[in-house]
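Have a look at the structure below, then the notes.
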Amino acid sequence: MAAESNVQEKPLLAVRDLVVELTRQGAAHPVVSGVSFDVWPGETVCVVGESGSGKTLLALSLLSLAEPPVKIRSGQILFEGTDTAALSTREKQKLRGDRIAMVFQDPMTSLNPVLTIGEQIIECVVAHQPRQSKAFMRDRAVELLSLVGVPAPRDRLSAYPHQISGGMRQRVLIAMALANNPRLIVADEPTTALDVTVQAQVMEAMQAACHKTGAALLLVTHNMGLVAENADRVLVFYAGRIVEAGRVEDVFSQPRHPYTRALLASIPAMDGAPEAELKTIEGEPPDFASLPAGCPFQPRCGLARPICRSTAPAAVEIAPGHLSACHFAAEMTEQLFSPAEVSA
Amino acid sequence: MASYIIRRILQWIPILVLSSILMFAVVRAMPGDAADAIAGPDATPDVVAAVRAEYGLDRPLPVQYLAWISHFVRGDFGTSYIYHTDNAALIFSRIPNSLLLAVCALVLAILIGLPAGLYAAVRGGKLGDLIVSTATAAAIATPDFWFGIVAILLFAVTLNWLPPGGLISPTDDPVQFLLSLILPSFTLALHGAAVLARFTRSAVLETLGEDYVRTARAKGISPFRVLRRHVLRNALVPIVTITGIMLGRMLGGAVVIESVFAWPGVGRLLVQSISNRDYGVVQAILVLLVFFFLLLNLVVDLLYALIDPRIRVGGSVAE
Amino acid sequence: MTMQPEIAAQNLPLRAPRRSSALSQFLGRPGGVVAVVLIAAMLAVAIAAPWIAPFDPNQQFDDLQLSPAGVAGHLLGTDELSRDILSRVLFGTRVSITAGFLSVAAGAMIGIVLGMLAGMFQRLADTIIMPVCDLLLAMPGILLGIVVVAVLGSGLLQVCIAIAVLNVPVFARLMRSAVLKEKELDYVRASIVQGASTLRILVRHILPNTISVVITQLSAAVGQAVLIEAALSFLGLGVQAPTASWGSMLSNGRDYLSTSPFYALAPGLMLFVLVLGLNLFTDALQRVLNPTGPKG
């Protein structure tokens with residue numbers, strides 16, 4: 001799916017040197033610092049990182065949903081060639097839910113408890129196609145629900161969120177995101193709150209729906225298995241920066257950053273010996289109020305050397321389309337996983 | 001919904017029975033014999049004895065209770081020895097006046113408190129929020145009866161714009177009737193408006209932080225629509241409850257405010273009757289008030305279910 | 001405004017407030033300081049009334065009925081029985097403080113015990129205690145106060161009993177739900193399983209953990225109680241003559257509004273200051289002790 005879309009010349013979304021700050025007790029701390037990446041039409045890009053690495057704030061910033069105390073300090077978010085920062089509040093609002101849509105993490109709290117499923121889906125359509133008839137809206141809502149695999153969709157329109165299961169609610173949230181055929185869907189941990197068995201079904205429904213509508217998907221997650229199964233490309237996020245980026249095959253088979261290696265090593269292998277020790281990442285996730293000097297990962301890095309403590313590494317293209325922000329990226333050449341292994 | 005209403009009403013009945021037993025105990029505990037109370041202090045011993053026999057007060061307590069409650073259920077509240085009238089007629093002639101005052105005050109409280117609280121919440125932390133918060137803190141600390149006295153001093157005694165008290169009949173003089181409502185209504189609305197403003201503020205602030213509000217904003221609907229459809233609708237659930245409770249508080253507060261403005265309501269009648277030791281009137285008013293407040297609580301519960309679908313239709317898909 | 005506070009808490013942990021910082025947090029906002037100053041001033045006036053009042057509050061000065069402010073050393077003038085208004089206002093503080101603090105304390109104690117019993121022995125609670133509490137709570141406080149005074153007669157003691165009575169269900173209900181919540185917590189369940197006595201669980205685990213809710217409610221209840229005492233006395237059902245109470249002074253003073261405005265204004269102002277102090281105190285407590293709880 002990626003191959004065909006990458007042929008097109010212009011990226012759908014281009015993020016350039018984005019800096020997002022969080023103000024706390026009078027001091028501003030960068031939670032996203034100097035992030036640049038592209039999303040091409042129709043492809044699936046995963047942003048992966050530990051909780052608290054700033055990936056949710058990045059996702060909210062893309063939809064201009066970041067509100068004080070969070071603020072976009074500098075950089076550009078170009079969507080279909082337009083800088084969203086230059087848009088008026090009204091124009092941003094027109095973009096949201098129409099060209100870019102978002103699927104949130106918690107299906108239990110992300111739906112309004114006092115409105116029916118139908119009212120909440122139709123609301124998305126009305127916001128961007130106000131002149132359509134009531135019957136059209138209803139049919140559209142039914143169509144959307146069946147698109148994401150909700151059984152008996154017409155009957156569900158009058159149900160309240162508390163009357164359906166968590167997996168169904170997440171499907172409803174996805175249906176709402178798809179309402180106006182968006183070009184880009186930003187999904188923030190869309191399956192984290194669900195049972196493992198339901199996770200796969202929901203992910204499958206979302207992928208199928210994106211494929212059908214041709215929408216690109218930016219999937220924010222901490223689940224490497226999800227990345228292996230769904231992503232065309234992956235962005236590894238640490239302390240508000242992209243430390244490694246590339247096609248999923250390249251990153252998984254030949255990770256060029258110690259953090260990515262650690263993440264991959266912490267996945268329990270299905271075919272491994274049951275008594276094999278599960279590796280964890282030493283140390284704690286970084287605290288944005290007191291980031292270390294040099295490379296943000298150096299306090300937890302087994303390969304750290306003096307240069308890591310003094311100089312922050314810049315992202316360099318180590319192979320075609322494969323970036324790493326590590327001083328020793330060139331030295332890490334051994335194969336670690338094949339993606340097939342991880343997703344097995 | 002219908003089954004919910006029936007269930008709530010069935011739960012309500014035992015409370016009503018319990019409260020009537022409690023009221024009976026209170027009435028028995030009042031100074032003087034119950035028969036004396038009903039007959040009045042001027043009654044001759046023969047009359048008191050007749051009352052005692054009629055009401056079954058010489059019989060065992062459970063029988064007395066049944067006799068007492070059956071009189072009340074039939075609307076027989078005895079006779080006032082001060083007013084020499086039927087207690088039921090006396091009280092029911094005052095009830096509309098009290099309700100008029102309480103409802104006017106409630107409407108004022110909602111008209112002032114709801115927008116003020118909403119404004120403060122939307123302005124969260126800015127100057128407008130600070131002004132509303134300060135004003136409500138001051139209003140809640142102000143004794144309302146004192147506020148009423150100061151208002152009389154200012155608007156009636158000094159400026160002579162409004163009547164200092166009393167209720168002018170709307171058929172006599174519609175303009176004076178409306179003018180006579182102004183000071184008592186505003187005085188009674190003082191605490192209600194402030195409490196409602198604070199409550200609305202915190203309910204709206206809490207709702208603004210909900211995930212579904214963020215979802216709504218991500219849909220690209222206008223901020224006004226987000227506020228009206230998603231924030232207010234949900235914040236309204238606790239607000240309606242407190243408004244119901246507030247109507248009760250208004251009637252409680254009316255007891256005092258009616259005395260400030262010489263308003264011919266039930267509250268003033270109650271206070272005067274206690275001072276006059278007209279216990280027949282007192283017990284009749286108390287029983288009616290308790291009944292009224294229990295009814296009010298029931299209505300609030302039902303209203304609550306009307307707004308919040310989670311309450312009325314349990315967890316099942318069936319509706 | 002939505003996700004951000006959560007993220008912020010994750011990334012920039014604010015250490016849990018210690019005891020000392022709770023105090024500094026309390027005094028950190030202007031409301032907390034103002035509250036402490038106002039309440040301390042009122043307590044000082046109540047205690048020192050005999051020394052700071054210029055005259056005996058019940059002393060009658062012949063030929064000085066309703067004299068205007070400032071005449072013959074009567075700073076706020078005299079009332080219709082030619083008593084010094086300022087002295088009566090100062091002594092009135094004692095009535096309000098007594099009715100506010102002592103009766104709430106009494107009512108709260110009974111309510112807390114009942115609530116704990118109701119929380120531990122649910123059968124008893126559901127059949128007797130809670131229905132009665134619900135019933136009492138259905139009535140506005142002032143009406144309940146009037147009912148009690150109607151039964152017992154008027155006077156300071158009776159008013160105090162009335163205020164205590166109307167606070168019992170408030171604290172019983174609060175305590176019961178707190179106990180029920182605590183009982184579900186793992187460490188309390190563990191003690192129950194280990195066979196600790198009910199009393200021990202109550203005293204060692206549940207009471208210390210519910211104390212902050214109780215303190216906040218106490219503070220709120222005192223403000224209410226002061227207003228209810230004043231209202232009952234204003235209606236002539238509370239503190240009786242010749243004892244000086246702000247409520248009864250207001251009631252008498254309103255007949256002389258145009259000639260002696262201080263007669264009604266001064267006690268009202270005192271009431272306002274005391275209740276404002278108590279309410280600000282409650283708000284500040286609420287912020288420090290139950291930061292997530294509802295703010296009325």
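Within every chain, numbering begins at 1; the chains are lettered A, B, ... in the order of the sequence lines, protein sequences first and strands thereafter.
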Hey, which of B/Ser275, B/Pro143, B/Ser259 has the most heavy atom pairs under 4.5 Å with chain C?
-> B/Pro143

Among C/Leu278, C/Leu250, C/Val273, C/Ile146, residue most engaged with chain B (heavy-atom pairs, under 4.5 Å) | C/Leu250

Select one option (side chain, backbone, both, neither) describing which atoms of C/Leu269 are under 4.5 Å from chain B's heavy atoms.
-> both

Run the side-chain contact (heavy atoms from CB on, under 4.5 Å) check on C/Phe171 and C/Ile110 step by step: do they pass?
-> CA-CA 8 Å; C/Phe171 283 88; C/Ile110 300 169; over 6 Å; no

Heavy atoms of C/Met42 and C/Thr93 approach each other most closely as O-CG2, 3.5 Å

Mind listing the closest non-hydrogen atom pair of B/Gly265 and B/Ser98 along with its distance?
-> CA-OG, 3.3 Å

Please determine, among B/Phe145, B/Phe292, B/Phe293, the option with the most heavy-atom pairs under 4.5 Å with chain C.
-> B/Phe145

Looking at CZ of C/Phe272 and OG1 of B/Thr142, how far apart are the two atoms once the value is rounded to the nearest 0.5 Å?
-> 4.5 Å

Let me know if C/Leu143 has heavy atoms under 4.5 Å from chain B in its side chain, its backbone, both or neither.
-> side chain

Portion of C/Leu237 that has a non-hydrogen atom of chain B nearer than 4.5 angstrom | side chain

Heavy-atom pair count under 4.5 Å with chain C, highest-scoring of B/Leu289, B/Val256, B/Val157 | B/Val256

Most heavy-atom pairs under 4.5 Å with chain B, out of C/Leu274, C/Val148, C/Leu271, belong to C/Leu271

Between C/Val89 and C/Ala266, the two heavy atoms sitting closest are CG2-CB, 4.0 Å

So B/Tyr212 and B/Thr207, side-chain contact (heavy atoms from CB on, under 4.5 Å) or not? Walk me through it.
-> CA-CA 9 Å; B/Tyr212 55 76; B/Thr207 314; 3.5 Å; yes

What residue, out of C/Asn279, C/Val149, C/Leu232, has the most heavy-atom pairs lying under 4.5 Å from chain B?
-> C/Asn279

Part of B/Ala203 within contact of chain C (heavy atom distance under 4.5 Å) | neither

Under 4.5 Å from any heavy atom of chain B - which part of C/Leu276 | both

Note: B/Leu183 and B/Ala151 closest approach over all heavy atoms is CD2-CB, 3.9 Å

How are the rings of C/Tyr256 and C/Tyr263 set relative to one another: parallel (under 30°), tilted (30 to 60°) or perpendicular (over 60°)?
-> parallel

Part of B/Val255 lying under 4.5 Å from any heavy atom of chain C | both

Option in C/Leu280, C/Val147, C/Leu265 with maximal non-hydrogen atom pairs under 4.5 Å from chain B | C/Leu265

From B/Ser273 OG over to B/Asn87 CG, what is the distance, rounded to the nearest 0.5 angstrom?
-> 8.0 Å

Could you tell me which portion of B/Leu270 (side chain, backbone, both or neither) has an atom closer than 4.5 angstrom to a non-hydrogen atom of chain C?
-> side chain

Has the side chain of C/Ser260 got a donor or acceptor atom that lies under 3.5 Å from a matching backbone atom of C/Phe262?
-> no

With only heavy atoms counted, which part of B/Leu22 is less than 4.5 Å from chain C, the side chain, the backbone, both or neither?
-> side chain

B/Arg268, CZ atom: more than 12 neighbouring heavy atoms under 6.0 Å = yes

Chain C heavy atoms under 4.5 Å from B/Leu286: which part of the residue, side chain, backbone, both or neither?
-> side chain

Highest number of heavy-atom pairs under 4.5 Å with chain B: which of C/Gly253, C/Gly141, C/Ala230?
-> C/Ala230

